[in-house]
Amino acid sequence: MKEFVKSKYVNLFLRLFLGAFLIYAAQEKIMHVADFAQAIRAYDIIPAGLSTLPAIFLPWIELFCGVLIIAGFYTRSSALIASSLLALFSLNVLIALFRGLDIDCGCGASIAGIDKVSWGKILENTLLIVLLLKLNFTERQFLAVDNIHLKP
């Protein structure tokens with residue numbers, strides 16, 4: 001089992017899956033920025049007038065992380081940034097749960113089809129964070145741009 005988890009093919013699958021997931025989630029938010037801004041406002045954590053800024057910038061960070069993870073370029077850094085974003089999103093979901101809000105999570109994508117803030121969303125995000133951290137702690141990626149060494 002240990003060999004399977006450390007397999008270069010498992011890591012490649014994780015890179016492709018997680019990168020595609022991030023790209024899909026980001027493009028949904030980019031294409032529907034007003035809906036994403038509304039979802040951010042529903043959390044009632046930041047002033048309503050500021051909700052447009054994260055609605056514009058966060059999906060692009062998510063998109064770039066997804067592309068870089070698939071390419072295997074700055075894989076570890078991209079996985080760390082993406083897992084940090086997911087942790088931030090999860091914290092917001094947790095706050096909404098404790099406040100009793102019944103709102104759309106604004107995630108743009110879900111593995112399990114969860115669109116509302118819920119403990120299931122926390123669990124799903126935790127799983128994604130763990131998988132992204134696995135990429136972050138993997139030294140060498142199979143078929144990754146990071147492995148190309150240019151000689152001077």
Side-chain angles (χ1 to χ4, degrees), residues 7-97 101 103-150:
S7 165
K8 63 183 178 181
Y9 300 109
V10 169
N11 280 330
L12 178 61
F13 173 79
L14 281 178
R15 268 193 20 237
L16 297 176
F17 169 75
L18 292 168
F21 180 82
L22 290 168
I23 291 168
Y24 177 74
Q27 69 89 24
E28 284 293 311
K29 294 173 203 164
I30 291 167
M31 297 294 289
H32 304 101
V33 71
D35 293 338
F36 186 43
Q38 178 58 38
I40 291 170
R41 279 192 292 280
Y43 281 93
D44 198 26
I45 293 175
I46 62 173
L50 295 179
S51 66
T52 306
L53 288 174
I56 291 171
F57 292 109
L58 289 178
W60 285 100
I61 295 170
E62 196 173 23
L63 177 74
F64 289 131
C65 285
V67 169
L68 292 173
I69 287 170
I70 287 175
F73 191 58
Y74 291 107
T75 309
R76 296 174 75 189
S77 301
S78 299
L80 184 60
I81 291 168
S83 62
S84 298
L85 282 176
L86 274 169
L88 175 66
F89 298 155
S90 297
L91 178 63
N92 288 332
V93 170
L94 191 62
I95 290 168
L97 282 172
L101 299 178
I103 58 175
D104 180 28
C105 68
C107 301
S110 173
I111 297 171
I114 303 167
D115 294 333
K116 296 277 191 178
V117 295
S118 66
W119 290 105
K121 180 50 74 176
I122 297 286
L123 181 63
E124 179 182 76
N125 285 353
T126 302
L127 172 65
L128 290 168
I129 290 167
V130 167
L131 294 176
L132 284 162
L133 288 176
K134 181 188 181 329
L135 288 182
N136 182 55
F137 290 113
T138 302
E139 290 290 327
R140 291 185 53 85
Q141 295 288 334
F142 179 59
L143 296 178
V145 175
D146 288 336
N147 295 337
I148 297 172
H149 300 287
L150 300 175

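Residue numbers count from 1 along this sequence.
- In terms of heavy-atom proximity, K29 sits nearest to G106 at CE-O, 3.6 Å.
- Across R76 and L135, no two heavy atoms sit closer than the pair CG-O, 3.9 Å.
- Minimum heavy-atom separation, L50 to P54: O-CD, 2.9 Å.
- E28 is linked by a side chain to side chain contact (heavy atoms under 4.5 Å, CB included) to Y24, H32, counting only residues two or more places apart in sequence or in another chain.
- Results of the side chain to side chain contact (heavy atoms under 4.5 Å, CB included) test with F89 over L94, L128, L58, I122 single out L58 as the only residue that passes.
- Residues that satisfy the side chain to side chain contact (heavy atoms under 4.5 Å, CB included) test with L16, not counting sequence neighbours, are L12, I70.
- Once rounded to the nearest 0.5 Å, the distance linking CG of L18 with CD1 of I23 reads 11.0 Å.
- Closest heavy-atom contact between K121 and C105: CE-SG, 3.7 Å.
- Counting all heavy atoms, side chain and backbone alike, A25 lies closest to C107 at CB-O, 3.8 Å.
- Taking CG of L132 as the reference point, atom CZ of R15 lies at 12.5 Å (rounded to 0.5 Å).
- For residues 82-92, the set of pairs meeting the side chain to side chain donor-acceptor pair (under 3.5 Å) definition, not counting sequence neighbours, comprises S90-N125.
- I81 CD1 to I69 CD1: the interatomic distance, rounded to the nearest 0.5 Å, is 9.0 Å.
- A distance of 5.5 Å separates CG in L14 from CG in L131, rounded to the nearest 0.5 Å.
- In this structure, the side chain to side chain contact (heavy atoms under 4.5 Å, CB included) partners of V33, at least two apart in sequence or on a different chain, are A55, I56.
- Nearest heavy atoms, L101 versus V117: O-CG2, 3.4 Å.
- For the side chain to side chain contact (heavy atoms under 4.5 Å, CB included) test, residues two or more places apart in sequence or in another chain that qualify with W60 are I30, L63, F64.
- Summarising the geometry, atom CD1 belonging to I103 is positioned 9.0 Å from atom CG belonging to L97; distances are rounded to the nearest 0.5 Å.
- Under the side chain to side chain donor-acceptor pair (under 3.5 Å) criterion, the residue pairs touching residues 34-43 are Q38-R41, R41-S51, with sequence neighbours excluded.
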